[in-house]
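First the structure, in the form of structure tokens, and then the observations on it.
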Protein chains: 2
Amino acid sequence: MILQHYAPNLSRAAVSCKNCCLSEFCLPTGLNATELEQLINIIHRSPSLPRGKHLFKIGDPIQSLYAVRSGSVKVYVPTEPGEEQVLGFILPGEFLGFDGIEAQHHTCAAVPLETTTVCELPYDRLEELCHALPAVDSRIHKLIGKEITGDHEMLILLGKKTAEERLATFLLSLSVRFKQRGFSERDFNLSMSRHEIGNYLGLAVETVSRIFARFQDEGLISVNRRYVEILAMDELKKLVGDCPMDETCARVREAP
Amino acid sequence: MILQHYAPNLSRAAVSCKNCCLSEFCLPTGLNATELEQLINIIHRSPSLPRGKHLFKIGDPIQSLYAVRSGSVKVYVPTEPGEEQVLGFILPGEFLGFDGIEAQHHTCAAVPLETTTVCELPYDRLEELCHALPAVDSRIHKLIGKEITGDHEMLILLGKKTAEERLATFLLSLSVRFKQRGFSERDFNLSMSRHEIGNYLGLAVETVSRIFARFQDEGLISVNRRYVEILAMDELKKLVGDCPMDETCARVREAP
DNA sequence: CGGGACCTTGAGGCTCGTCAAAGCTGGTGG
DNA sequence: CCACCAGCTTTGACGAGCCTCAAGGTCCCG
């Protein structure tokens, strides 16, 4: 077994397969023991990657789908020289690398924000497996769908929401995702800078900083540098309105 | 053969398979005649749909992937009651319905902006075909990748660009897409209202209107209601900068 | 202890949204 | 054929929200 870690100093506890998105991916949807083993066999566990060491850059040939095991990864597109647009932050138990499905090359870049470990699923072997095991195939489709839905929610955020709503949405999204993965939903450390948050949310750094301060004044949260504590979850949710980032939008079904 | 049309009064000329995205999808990537026929057999050509008659609404069960044959379709998410966020406009030869891949239900809605015909590819039969024919599978993956890349470009637009840049990007995107499909790249009719354009680009109607006027004053375009003529393509392109909407971003490959 | 990266805070200005009103267009009905 | 209305579009005036610029503070690292 290759479960032992190369990294003695993980910045977060490694996620066991139980808490990890991969568990849904591996275990549940009707795989028997041998099939499960087939899947596990193609997964390559990376040694720990230091902050700043890219998983891939724009233009790199497609190799693998990645699942973050511990740490966190920033996904972004370089725009003007020295500039970038942050597309997302990937937390433990989440996937990245779908941008490559189309072409031979990545259309964005991914870099750890802190010491990070990932699981690699080589695309060629994954594809074979998708053909052999419908359950794997459908899991991949689910993940892709989530990717698209997530992008759509982000478009709503950037198209319609005010700065306050954006930041509240961002904080609640982190809270929900941490909770799902067994971390605290009420307090956590941000692995990204104010600058990166602003970039992601379409705001200037100063605006992010000011709104953090405002939220703190209003007793919604307590912030100390990168440590955030949510004091009034309900108030924060009120700010967001409907369409929070990480739940599917309300399923309003009209009669035809 | 079911090639005959039910719609005598198409608002645009129907796109023949040659100019249609479907051609790439059907013909090229190593399908022989019988395989090709298999694919064509699952495609259901719709009668013409009038403006406003939804293809699907949010919450509807997933049925099919759609390709627009003639006309145009607006894809959007209802947000607050009476409000919406437009996610995109689908032109002849383009696909929609990928939002459903994840769940059993659509996460957005699609409605024709004018009289429209589409080709339907039922997901269940398409899936079978994907398993049988790798070429079909890979084509689908390409389309999904395009969907994701397109969303990313939209995030950049909403996160970084000014109103002028957004509208210029929008016009050039239409121009490129019309050209690819054999229509004029220099003049065309918009099938969407100013309101819908503004919604899509994260701008107020009035702003859209003003910038159309400004572009006209500057001699970049000529606008008459929904008829747009591009007079200075190069100037317009200068406004956009890099990362135009419908070409993959420049593939900057850094040495490691 | 000093330098650099990051964060905060303040002042001012610009872009764009809001509100209001009027023009245009197409459709309907007298 | 014209009058009228609804919906879309345009234009203007105003103000708010957020960005830019600038300066000072804090933390971390060597």
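Every chain is numbered from 1 and lettered A, B, ... according to where its sequence line falls, protein lines coming before strand lines. This one's a predicted model, so the numbers in the text were calculated from it and none came from an experiment.
- Comparing A:T162 and A:N224 by the nucleotide of DNA chain D whose heavy atom lies nearest to each, the residue mapping closer to the 5' end is A:T162.
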Stepwise side chain to side chain contact (heavy atoms under 4.5 Å, CB included) test for A:K146 and A:F95 = CA-CA 10 Å; A:K146 217 172 183 179; A:F95 287 77; over 6 Å; no
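- Counting any heavy atom pair closer than 4.0 Å across all strands shown, B:G198 reaches no nucleic acid atom.
- Residues satisfying the ring-ring contact (aromatic ring centres under 6.0 Å, His included) criterion with A:F215, sequence neighbours excluded, are absent altogether.
- Listed by first then second residue, pairs satisfying side chain to side chain donor-acceptor pair (under 3.5 Å) with a partner in residues 225-236 of chain B read B:D187-B:Y227, B:E235-B:K238, not counting sequence neighbours.
- Rounded to an integer number of Å, the gap from B:N199 CG to C:dG17 P is 12 Å.
- Taken residue by residue, residues 205-214 of chain A places heavy atoms nearer than 4.0 Å to DNA chain D at A:E206, A:T207, A:R210.
- C:dT9 atom P lies 15 Å from atom CZ of A:F215, rounded to whole Å.
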Atom pairs and distances, donor-acceptor, side-chain atoms in residues 81-93 of chain B, under 3.5 Å, two or more places apart:
unit_1 : atom_1 : unit_2 : atom_2 : d
B:E84  : OE2    : B:K74  : NZ     : 2.9
B:Q85  : OE1    : A:K160 : NZ     : 3.4
B:Q85  : NE2    : B:N199 : O      : 3.2

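- Distance check, rounded to the nearest 0.5 Å: CD1 of A:I62 to CZ of A:F98 gives 12.0 Å.
- Protein atom NZ of B:K160 is 17 Å distant from nucleotide atom C1' of C:dT15, rounded to whole Å.
- Atom pair B:R194:CZ and C:dG23:C1' shows a separation of 14 Å (rounding to whole Å applied).
- Below 30°, between 30° and 60°, or above 60°: for A:H106 and A:F56 the angle between ring planes is below 30°, a parallel geometry.
- B:R166 places a side-chain N or O within 3.5 Å of a backbone atom of B:K161 that can act as its donor or acceptor partner.
- Between the side chain of A:S46 and the backbone N or O of A:V118 there is at least one donor-acceptor pair closer than 3.5 Å.
- Put simply, NE2 on B:H195 is 13 Å from P on C:dG17, counting in whole angstrom units.
- Spacing between atom CD1 of A:I197 and atom C1' of C:dC7 amounts to 11 Å, rounded to whole angstrom units.
- Bracketed by its first and final contacts, the part of DNA chain D lying under 4.0 Å from non-hydrogen atoms of chain A reaches from D:dC18 to D:dC27 in 5' to 3' order.
- Fit an axis to the five pairs at each end of the helix from C:dC1-D:dG30 to C:dG30-D:dC1 and the two axes sit 30° apart, to the nearest 10 degrees.
- Contact between A:T116 and A:G71 at its shortest, heavy atoms only, is OG1-CA, 3.5 Å.
- The environment of A:H195 atom NE2 is sparse: at most 12 non-hydrogen atoms of other residues, nucleotides or ligands sit within 6.0 angstrom.
- Here the P atom of nucleotide C:dT15 and the NZ atom of B:K161 are 18 Å apart, to the nearest Å.
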